[in-house]
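So that the names make sense, note that chain A is the first sequence line, chain B the second, and so on, each numbered from 1. Everything numeric in this text was worked out from a predicted model, so none of it was measured.
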2 protein chains.
Amino acid sequence: MAARGPYAKGVAKRDEILDAAMEVFAQNGYDRTSVREIARQTGLSQAGLLHHFSTKEELFLEVLRRRDDRSLDSDERSHKHSVDRLMRAVDRNSEEPGLVRLFVAMSAESAQDASVAHGFFAERYRWLLDEIAQDVRVHQASGELPAGLDPEGIASLLVAAADGLQLQWLLNPGSVDMGARIRTLWEALRKTT
Amino acid sequence: MAARGPYAKGVAKRDEILDAAMEVFAQNGYDRTSVREIARQTGLSQAGLLHHFSTKEELFLEVLRRRDDRSLDSDERSHKHSVDRLMRAVDRNSEEPGLVRLFVAMSAESAQDASVAHGFFAERYRWLLDEIAQDVRVHQASGELPAGLDPEGIASLLVAAADGLQLQWLLNPGSVDMGARIRTLWEALRKTT
DNA sequence: GTCTATAGGTAGATAGAC
DNA sequence: GTCTATCTACCTATAGAC
């Protein structure tokens with residue numbers, strides 16, 4: 001049963017706002033983005049937009065949450081290795097400079113304590129690293145990976161490299177094949193003892 | 001011959017301003033930092049500060065340049081391998097959260113085209129990666145490293161990991177030994193092929 | 001070199017009409 | 001749901017006095 005009447009309109013507009021907001025935040029970062037600008041792009045006044053999200057912060061956090069939800073809804077879930085999922089995520093990112101820019105800008109912002117995104121990213125990294133480390137452990141138990149590998153170290157390095165490559169890729173577009181690089185790294189790491 | 005009279009005072013104040021500015025920019029990022037705030041910390045009015053650096057942008061770029069100059073002035077130059085220098089830089093960073101925060105925030109900012117730091121960081125990465133790749137090549141020629149390694153790939157991954165680890169370290173302080181991690185990576189990479 | 005004062009902006013958020 | 005109008009709170013940069 002689809003929502004109807006006033007609800008449908010509200011939900012659709014909300015979605016439209018989130019799309020526009022993601023794009024503008026990605027392009028300019030949090031501080032340089034004004035609610036007015038996002039409003040303009042969705043054919044609303046600033047006050048009109050703030051009817052749907054009562055503060056700029058709320059809108060911003062919603063954008064971050066939706067970005068994550070979408071990643072998880074996509075085919076990533078079908079890959080049992082979270083290492084595979086990471087690689088596929090990197091591949092997909094190579095086609096979405098906007099999202100990458102959003103991610104880089106926001107994760108760096110979150111490193112500032114005052115940032116609204118601090119909690120979001122701190123938690124995000126904790127579970128991401130944990131998931132990958134856990135995955136490495138499972139494959140060590142089944143004998144697919146050498147027992148000598150350090151699961152936390154591997155997870156940390158893979159994620160770190162993925163993040164750092166994004167920055168290089170944004171600054172010098174076309175100079176880096178992120179997918180190839182991260183696969184090289186994985187091959188090197190899994191052969192370590 | 002040292003500068004004297006009014007010069008000495010000017011230079012000293014300039015330095016004091018740069019120190020304060022580095023700290024505040026590191027803590028809050030470029031946009032969230034006001035010239036007034038930096039002025040307050042140095043006992044000046046906003047206009048008084050802008051006597052030394054005529055715009056906020058100029059002050060900011062000066063902070064970035066000085067950070068780099070200091071790195072290079074330190075003992076890093078004495079290490080012939082630029083890979084070694086990278087590792088030592090990572091070690092030193094582990095004791096300077098402020099500088100790391102500045103670097104992470106500013107490099108991410110620079111990924112936005114509109115950023116004043118865009119040119120600075122794009123160029124910085126170009127020579128940094130180039131220097132390391134070149135270094136790998138030299139050691140391949142002398143037989144110290146296997147000929148099969150991809151110099152650009154190695155350089156890119158080392159720098160990417162260093163950057164990404166900084167982010168993890170800032171978000172979850174104490175959870176990552178950056179130096180140890182980057183050495184693990186280097187060991188893994190040099191054994192590839 | 002440093003100040004006060006101010007010009008000229010832009011921001012987020014609110015009030016109240018429709 | 002959406003608008004216009006407005007408020008308050010900053011901001012950078014400049015002018016001109018000391």
Side-chain angles (χ1 to χ4, degrees), chain A residues 2-25 27-64 105-106 109 112 114-117, chain B residues 2-25 27-64 105-106 109 112 114-117:
Chain A
R4 56 158 200 266
Y7 285 135
K9 189 178 178 188
V11 170
K13 200 69 193 177
R14 227 184 111 93
D15 249 50
E16 194 190 331
I17 293 169
L18 284 170
D19 281 338
M22 177 175 288
E23 213 156 304
V24 183
F25 278 130
Q27 202 61 235
N28 305 323
Y30 181 79
D31 285 305
R32 283 187 171 88
T33 296
S34 69
V35 172
R36 271 184 175 83
E37 167 67 13
I38 300 169
R40 216 174 296 131
Q41 296 218 11
T42 48
L44 287 177
S45 70
Q46 185 239 19
L49 193 156
L50 287 182
H51 167 74
H52 298 274
F53 303 88
S54 55
T55 68
K56 182 186 178 183
E57 257 188 52
E58 188 191 315
L59 168 60
F60 173 62
L61 286 174
E62 210 52 57
V63 167
L64 289 182
M106 296 312 133
E109 272 225 16
Q112 283 142 29
S115 168
V116 298
Chain B
R4 54 157 203 265
Y7 284 136
K9 187 178 179 190
V11 169
K13 201 70 193 175
R14 228 184 111 93
D15 249 48
E16 193 189 332
I17 293 169
L18 284 170
D19 281 338
M22 176 175 287
E23 213 157 302
V24 183
F25 279 130
Q27 201 63 236
N28 304 323
Y30 181 79
D31 285 306
R32 283 185 171 89
T33 295
S34 70
V35 173
R36 264 184 181 83
E37 168 66 15
I38 299 168
R40 216 173 296 134
Q41 297 219 8
T42 49
L44 288 178
S45 70
Q46 185 240 18
L49 193 156
L50 287 181
H51 166 76
H52 299 273
F53 303 88
S54 55
T55 67
K56 181 185 178 183
E57 253 186 58
E58 188 191 314
L59 169 59
F60 173 62
L61 286 174
E62 211 53 55
V63 167
L64 289 181
M106 295 313 133
E109 275 227 13
Q112 283 143 29
S115 168
V116 298

> How many angstroms lie between atom NZ of K56(A) and atom CZ of R36(A), to the nearest 0.5 angstrom?
Replying inline: 11.5 Å
>> I need the L59(B) CG to M22(B) CE distance, nearest 0.5 Å.
In response: 10.5 Å
Options [options], nucleotide nearest the side-chain atoms of [X]:
X: L50(B); options: dA13(D), dC3(D), dA11(C); answer: dA13(D)
X: H52(A); options: dA13(D), dT4(C), dT2(D); answer: dT2(D)
X: K13(B); options: dT2(C), dT4(C), dT2(D); answer: dT2(C)

Atom-to-atom span, [atom1] of [X] to [atom2] of [N] - whole angstrom:
X: N28(B); N: dC11(D); atom1: CG; atom2: C1'; value: 15 Å
X: L49(A); N: dT4(D); atom1: CG; atom2: P; value: 14 Å
X: L59(B); N: dT12(D); atom1: CG; atom2: P; value: 10 Å
X: F53(B); N: dT14(D); atom1: CZ; atom2: C1'; value: 19 Å
X: F60(B); N: dA13(D); atom1: CZ; atom2: P; value: 14 Å
X: R14(A); N: dT2(D); atom1: CZ; atom2: P; value: 13 Å

>> Taking the nucleotide of DNA chain D with the nearest heavy atom to each, does D31(B) or H51(A) sit closer to the 5' end?
In response: H51(A)
> Can you find a donor-acceptor N/O pair under 3.5 angstrom joining the side chain of Q46(A) to the base of dA11(C)?
Replying inline: no
> Would you call E37(B)-R32(B) a salt bridge at under 4.0 Å N-O?
Replying inline: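 Answer for the salt bridge query: no.
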Can you list, pair by pair, the side-chain donor-acceptor contacts under 3.5 Å of residues 42-52 of chain A, counting residues two or more places apart and other chains?
unit_1 : atom_1 : unit_2 : atom_2 : d
T42(A) : OG1    : I38(A) : O      : 3.1
T42(A) : OG1    : A39(A) : O      : 3.0
S45(A) : OG     : G48(A) : N      : 3.0

Nearest non-hydrogen partners of [X] and [Y], listed with the distance:
X: L18(B); Y: V63(B); result: CD2-CG2, 3.8 Å
X: Q112(B); Y: Q27(A); result: CG-O, 3.2 Å
X: E109(B); Y: S115(B); result: O-CB, 3.1 Å
X: M106(B); Y: A117(B); result: O-CB, 4.4 Å

> Counting only non-hydrogen atoms, which of residues 36-45 of chain A are less than 4.0 Å from DNA chain C?
Replying inline: R36(A)
>> Over the length of the helix from dG1(C)-dC18(D) to dC18(C)-dG1(D), how much do the five-pair end axes diverge, rounded to 10 degrees?
In response: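 The angle, to the nearest 10 degrees, is 0°.
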> Do the rings of Y30(B) and F25(B) sit parallel, tilted or perpendicular, given the 30° and 60° boundaries?
Replying inline: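 The rings of Y30(B) and F25(B) lie parallel, inter-plane angle below 30°.
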